[in-house]
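Following: one structure in C-alpha cells, then a few remarks.
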Amino acid sequence: QVQLVESGGGLVQAGGSLRLSCAASGPTFYTFNTYLMGWFRQAPGKEREFLAGIIQNGRSTYYADSVKGRFTISRDNNKNTAYLQMNSLKPEDTGVYFCAASRLAGWAIKTSDYDYWGQGTQVTVSS
C-alpha cells in the first residue's frame, strides 16, 4: 500500500503563493518513479477537479486551464516527493488539495485514473 501525505496548505491572501508537498512512502517494492503524480482540488459542495499532472520521469507536465500559468507541478524522485507551486492565488482556488498516484503511463486527468490518494490539505485564499 502506498501512503501519500500532503503538507503546505494554509490561509493566504489573494495574489499570494503557497507550495504544497506530497511525500510518498510504501512497501519495499514500491518505487515512486513508476507512478504518475497528480494534484486535485475539491471545493465545498463541488466535485473533485483535476489541476495538474506530471509523468514518471518529470519531463512532461499538464494542467487544467483554470490554473495554467499560475501553478507548477514538479517532483523529486530522489525524495519521493511531488510539489505544487501555486502563485497568484485567487479566492476561487480555496478548497482541499489532494495529491494522487497513478500506475498509468501518459495522461491521467480523471479521479478514476488514480490508484492512491492523500488525505488532503486545506488551502484558503482570502479576498
Side-chain angles (χ1 to χ4, degrees):
Q1 185 75 9
V2 172
Q3 289 86 41
L4 302 175
V5 179
E6 301 95 338
S7 62
L11 174 65
V12 64
Q13 288 188 331
S17 298
L18 282 175
R19 188 194 195 202
L20 305 183
S21 298
C22 173
S25 61
T28 54
F29 59 81
Y30 163 73
T31 305
F32 180 72
N33 63 10
T34 65
Y35 286 84
L36 180 156
M37 297 299 295
W39 285 95
F40 288 73
R41 173 175 68 204
Q42 189 163 19
K46 294 188 177 181
E47 293 186 352
R48 195 169 298 188
E49 63 170 329
F50 169 80
L51 299 177
I54 186 167
I55 65 170
Q56 284 79 347
N57 63 13
R59 293 177 182 175
S60 181
T61 59
Y62 44 100
Y63 300 89
D65 288 342
S66 60
V67 304
K68 197 174 296 182
R70 300 189 298 123
F71 290 11
T72 302
I73 188 172
S74 60
R75 66 191 295 162
D76 185 337
N77 287 343
N78 292 323
K79 295 182 178 179
N80 288 358
T81 303
Y83 304 95
L84 186 68
Q85 176 67 43
M86 306 186 294
N87 299 329
S88 302
L89 283 162
K90 306 174 182 179
E92 51 264 44
D93 292 318
T94 295
V96 179
Y97 283 66
F98 298 88
C99 70
S102 171
R103 297 187 186 96
L104 294 178
W107 299 66
I109 63 173
K110 299 180 295 183
T111 56
S112 58
D113 290 334
Y114 288 82
D115 304 287
Y116 302 103
W117 292 85
Q119 82 290 346
T121 185
Q122 176 70 44
V123 171
T124 303
V125 184
S126 63
S127 57

**Request:** Start with the C-alpha gap between Trp117 and Phe40, add the side-chain angles, then the distance that decides, and say whether ring pair (Phe, Tyr, Trp, His ring centres under 6.0 Å) holds.
**Result:** CA-CA 10 Å; Trp117 292 85; Phe40 288 73; 4.9 Å; yes
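Counting only heavy atoms from C-beta outward, the side chains of Trp39 and Phe71 never approach each other to under 4.5 Å.
Using a distance-only test at 3.5 Å, with no hydrogens or angles considered, a donor-acceptor pair links the side chain of Ser102 to the main chain of Asp113. A donor-acceptor pair under 3.5 Å is formed between the side chain of Asn77 and the backbone N or O of Gln56. Looking only at distances, a side-chain donor or acceptor of Glu6 sits under 3.5 Å from a matching main-chain atom of Gln119. In this structure, the side chain of Asp93 does not engage the main chain of Leu89 through any donor-acceptor pair within 3.5 Å. Under a 3.5 Å cut-off, the side chain of Tyr35 and the backbone N or O of Asp115 do not form any donor-acceptor pair. In terms of modelled atom types and a separation under 3.5 Å, the side chain of Ser112 and the main chain of Lys110 share no donor-acceptor contact.
Closest of all the heavy-atom pairs between Tyr97 and Leu51 is CE2-CD1, 3.4 Å. When all heavy atoms of Leu36 and Ala108 are compared, the closest pair comes out as CD2-CB, 3.9 Å.
A donor atom on one side chain and an acceptor atom on the other are not found under 3.5 Å apart for Asp76 and Thr81. A donor atom on one side chain and an acceptor atom on the other are not found under 3.5 Å apart for Glu92 and Thr94.
The cationic group of Arg41 does not satisfy the cation-pi geometry with Phe98, failing either the under 6.0 Å distance to the six-membered ring centre or the 45° limit from the ring axis. Cation-pi geometry between Arg75 and Phe32 is met: under 6.0 angstrom from the ring centre, within 45 degrees of the axis. Geometrically, Arg19 engages Tyr83 in a cation-pi contact, judged by NZ or CZ lying under 6.0 Å from the ring centre and within 45° of the ring axis.
Ring centroid separation for the pair Trp107 and Tyr62 comes in under the 6.0 Å cut-off.
Separation of atoms CD (Gln42) and CD (Gln122) is listed at 11.0 Å; rounding is to 0.5 Å. Within the model, atoms CG of Asn33 and CD1 of Ile55 stand 11.5 Å from one another, a figure rounded to the nearest 0.5 Å.
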